[in-house]
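The structure displayed is predicted, hence computed values, not measured ones. Both ligands and their constituent atoms are indexed starting at 1 by order of listing.
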Amino acid sequence: MAVFTAVTLDDLTLLLKKFPIGNAIAIKGISSGIENSNFFIDTERGEYVLTIFENLTFAQLPFYLQLMRHLAERGVLVPAPVPDQAGELVVPLHGKPAAIVSKLEGSSQMAPQPVHCAAVGTMLAKMHLAGRDFALQQPNLRGLDWWNETTPLVLPFLDEHNAHLLRAEMHFQSAFAACDHYHRLGRGPVHADLFRNNVMFIGERLTGFFDFYFAGCDTWLFDVAVTVNDWCIDTGTGVLDAARVRALLDAYHAVRPFTADEQAAWQPMLRAAALRFWLSRLYDLYLPREAEMLTPHDPTHFERILRERIATPAPGLFA
Ligand SMILES: Nc1ncnc2c1ncn2[C@@H]1O[C@H](COP(=O)(O)OP(=O)(O)OP(=O)(O)O)[C@@H](O)[C@H]1O
Ligand SMILES: N[C@@H](CCO)C(=O)O
């Protein structure tokens, strides 16, 4: 279940008095998702999604909501936040921050073909370009600093085989983050969690990216690597599917051409993207937050992907 904070139709009626989207008609909790309480809401003006943020603070939220607004205004398909009558995108509800965004049509494509990967690559490149003039700055809060903080917390839970892998990969990634190629990589706001369950499709048509609540400023290549590590793999083995990788990368490259520095950084970046989710899944499994009510995601999936990326070079970014 993923409604940590309950909201009744009466609560919604009161809340919507502050929003220019008509009166409340219905509210329905959304069962998927592990971070926030989400609701589909119907109003006299249409369908929206109400999110109550269970972990993010009032101070952190403007970055995410303003970013979504910035991207939506530039034609990137993302949910558009709805400002209240005072122009606020984040409002208190039951003492927690909340926001209303437009509802995307469609559903997640959990068995993507090259055509879906190409659509994701195109929209991801458009998103990176559209984010270049976004004024707010917030680091990727699940970046190298967080990995450094988290590694000693999870190491005691690992067997020697995995502890060795984690220590060795942290060593490798620290050196990578210090190298010249890395510092020349293009940067900006990135989604940083663009998995299959965070993109909507109707058939082969992409209708939107959502769940921006891990977004932050980081290298664009990190975003591409996170996306490829989920969209272009055999989920049983973590092995990359060459046709889907090619489709995603070629589509991205056609909108924002990759650079030689990005090509040089590609293999270590795929490992970095695998490490990021291996670590967060280990952390969620061994050090669960009190409010956590869901079965954590399986860390061994990303351990497998990391080992596979170390063992087998991925197709290059471009020929
Ligand atoms: N703007 C939107 N339009 C349509 N559906 C949405 C929208 N936002 C969220 N949803 C629906 O709500 C579900 C949960 O949302 P979301 O993934 O953002 O939750 P979460 O708690 O942040 O989850 P997680 O971190 O596990 O991905 C999605 O799978 C999707 O079905
Ligand atoms: N995409 C993350 C969950 C957080 O959104 C994972 O699969 O570990």
Should F302 be listed as contacting ligand 2, given a heavy-atom distance under 4.0 Å as the test?
-> no
What do the steps show when you test N36 against T51 for side chain to side chain donor-acceptor pair (under 3.5 Å), and what is the final call?
-> CA-CA 7 Å; N36 301 308; T51 300; 6.0 Å; no
Run the numbers for me: atoms of ligand 1, each under 4.0 Å from some heavy atom of [X], listed by number.
X	value
V49	1 (N), 2 (C), 3 (N), 6 (C), 7 (C), 8 (N)
N198	17 (O), 27 (O)
I30	11 (C), 12 (O), 13 (C)
V101	1 (N)
K103	3 (N), 4 (C)
F210	8 (N), 9 (C), 10 (N), 17 (O), 28 (C), 30 (C)
M200	4 (C), 5 (N)
P79	1 (N)

Salt bridge flag under 4.0 Å for residues E303 and R307 | yes
Charged N to carboxylate O under 4.0 angstrom, D193 versus R142?
-> no
Is any N or O atom of D211, backbone or side chain, closer than 3.5 Å to an N or O atom of ligand 2?
-> no
Say whether S280, considering both its backbone and side-chain N or O atoms, lies within less than 3.5 Å of an N or O atom on ligand 2.
-> no
Co-membership, hydrophobic cluster, residues L104 and V82, 4.5 Å side-chain = no
Sub-6.0 Å ring centroid separation between [X] and [Y]:
X	Y	answer
F201	H116	yes
Y182	F176	yes
F134	F63	yes

For atom 19 (O) of ligand 1, which of T51, N38, L50 has the closest heavy atom?
-> N38
Who are the ring-ring contact (aromatic ring centres under 6.0 Å, His included) partners of F277, not counting sequence neighbours?
-> F195, F302
Got a sec, which residues hit ring-ring contact (aromatic ring centres under 6.0 Å, His included) with F318, two or more places apart in sequence or on another chain?
-> H253
Please indicate whether any nitrogen or oxygen in N36 is less than 3.5 Å from any nitrogen or oxygen in ligand 1.
-> yes
Is there any N or O on L104 that sits under 3.5 Å from an N or O of ligand 1?
-> yes
Mark up the atoms of ligand 2 that fall under 4.0 Å of a heavy atom belonging to D193, in ascending order.
-> 1 (N), 2 (C), 4 (C), 5 (O)
Ligand-side contact atoms (ligand 2) for residue partner H297, heavy atom cut-off under 4.0 Å | 3 (C), 6 (C), 7 (O), 8 (O)
